[in-house]
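Since the structure comes first, as structure tokens, the remarks are kept for the end.
Residue numbers count from 1 along this sequence. Since the model is a prediction, treat every value here as computed from it, not as a measurement.
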Amino acid sequence: MSGLILLRPWWLAALLPALALAVLAWRRGPRAGGWEQVMPPQMLAAMQALGGFDGATNGWVRLLPVAALLALILGLSGPGIRRADAPLLARTDSVLIAIDMSPSVARGLGLVAAQQAAAALLQGLDGRPTGLILFSGEAYAASAPTTDPRTLQTLVAVLDADTVPGQGSRPAAAIGLAGQMLTEPGRADLVLISDGGGVDAQAVAEAGRIAAAGGRIWALRIEGSAPGTPAPPAGALDRLVQGGGQVMQAAEVDRLAARLQRGGDTTRDPGLTALGYLDLGPFLAALAALPLLMMLRRAR
């Protein structure tokens, strides 16, 4: 069953001592309620032959307590299946994608590379709320974080050289705007898609504020500036990635998406995961009552 998970898997460790008890109970041989310790073997055999200890010699009877223990342990491990009526919980581990729309990117082949990188990133961030920022000399919030990537994919697909007005490149404006948009920076990621132009001390300071709050800043480097525009200094984006982020080439976007998707999952509260599953543990643990009742039944 592909939807089956264990909500409390650490309880499976108790199976080892339970199996040890099962082996011990089997090797100790038949029991007669303690009478075997005070009665001569010949008298005990005669009493068993007469039915005085009916059922006591059956091997499966000796294993009934172990069976009850196994059912209880499996129930405590919390097997669960996904609930069709699971509540929808708002996630705060947002990802903001900031696309550089300065002339050096938007008026050259870099725009196509930026669009492709953003589209691939949106496709790989399944489930994490994702927002979009466009910047050149100023920064603009194109979309607040949303869990519907199709909305952002449509926006990215229609970008052109005239989408964002103004000249210049100010990553500081985009990073500052991202800090305002993130409600919980400590669980968020900011991805800059840029050629590295316009990185200055203010941009580094803005990146430091997000990193100090616990956020991570990543960068996808776009190669090839538009003709007639100055080439950005080498290593400019390295000054911005903070909080555990990394600079990658635009062609490595799939690897970045995998890192971000994994990061979003690990920061989630494990208690919230249980709300999406029906816990079958109590039903399985209740089966422990069957072998216990068989142990208490009266012999006829």
Any link between [X] and [Y] through a network of hydrophobic side chains (Ile, Leu, Val, Met, Phe, Trp, Tyr) touching at under 4.5 Å?
{"X": "L72", "Y": "L292", "result": "no"}
{"X": "V241", "Y": "V191", "result": "no"}
{"X": "I217", "Y": "L121", "result": "no"}
{"X": "V164", "Y": "V105", "result": "no"}
{"X": "W218", "Y": "L182", "result": "no"}

Can you name the nearest heavy-atom pair linking [X] to [Y], along with the distance?
{"X": "A118", "Y": "I99", "value": "CB-CD1, 3.8 Å"}
{"X": "G168", "Y": "P103", "value": "O-CD, 3.9 Å"}
{"X": "D189", "Y": "R216", "value": "OD1-NE, 2.7 Å"}
{"X": "S169", "Y": "G197", "value": "OG-O, 3.0 Å"}
{"X": "D195", "Y": "P232", "value": "O-CG, 3.0 Å"}
{"X": "L190", "Y": "A98", "value": "CD1-CB, 4.3 Å"}

Distance-only, no hydrogens or angles: does the S136 side chain make a donor-acceptor pair with backbone N or O of P165 under 3.5 Å?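 Such a contact is found between S136 side chain and P165 backbone.
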Has Q115 got a side-chain atom pairing as donor or acceptor with V156's backbone, closer than 3.5 angstrom?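 It does hold such a pair.
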How long is the gap from [atom1] on [X] to [atom2] on [Y], to the nearest 0.5 Å?
{"X": "S104", "Y": "L111", "atom1": "OG", "atom2": "CG", "value": "11.0 Å"}
{"X": "R221", "Y": "D238", "atom1": "CZ", "atom2": "CG", "value": "5.5 Å"}
{"X": "R170", "Y": "S102", "atom1": "CZ", "atom2": "OG", "value": "12.5 Å"}
{"X": "R255", "Y": "Q249", "atom1": "CZ", "atom2": "CD", "value": "10.0 Å"}
{"X": "L96", "Y": "L132", "atom1": "CG", "atom2": "CG", "value": "9.0 Å"}
{"X": "R259", "Y": "D254", "atom1": "CZ", "atom2": "CG", "value": "14.0 Å"}

Test log, rule side-chain contact (heavy atoms from CB on, under 4.5 Å), inputs S194 and I222: CA-CA 5 Å; S194 173; I222 302 298; 5.8 Å; no
Can you check whether [X] reaches [Y] side chain to side chain, under 4.5 Å on heavy atoms?
{"X": "F135", "Y": "D100", "result": "yes"}
{"X": "L109", "Y": "V112", "result": "no"}
{"X": "T130", "Y": "T146", "result": "no"}
{"X": "P145", "Y": "V95", "result": "no"}
{"X": "S94", "Y": "R128", "result": "no"}
{"X": "M101", "Y": "L159", "result": "yes"}
{"X": "V247", "Y": "L220", "result": "no"}
{"X": "L177", "Y": "M181", "result": "yes"}

Carefully, step by step, assess L192 and I175 under the rule side-chain contact (heavy atoms from CB on, under 4.5 Å). CA-CA 9 Å; L192 292 170; I175 301 174; 4.1 Å; yes
Name each donor-acceptor pair under 3.5 Å that joins a side chain in residues 6-13 to protein atoms two or more places apart or in another chain, with its distance.
| unit_1 | atom_1 | unit_2 | atom_2 | d |
| --- | --- | --- | --- | --- |
| R8 | NE | L76 | O | 2.8 |
| R8 | NH1 | D279 | OD2 | 3.1 |
| R8 | NH2 | D279 | OD2 | 3.1 |

Does the side-chain contact (heavy atoms from CB on, under 4.5 Å) test come out yes or no for Y140 and I133, once each step is laid out? CA-CA 6 Å; Y140 303 91; I133 294 175; over 6 Å; no
Before you tell me yes or no, could you show the steps for I97 and L122 under side-chain contact (heavy atoms from CB on, under 4.5 Å), namely the whole-Å CA-CA distance, both residues' side-chain angles and the distance that decides it to 0.1 Å? CA-CA 9 Å; I97 302 175; L122 289 170; 3.9 Å; yes
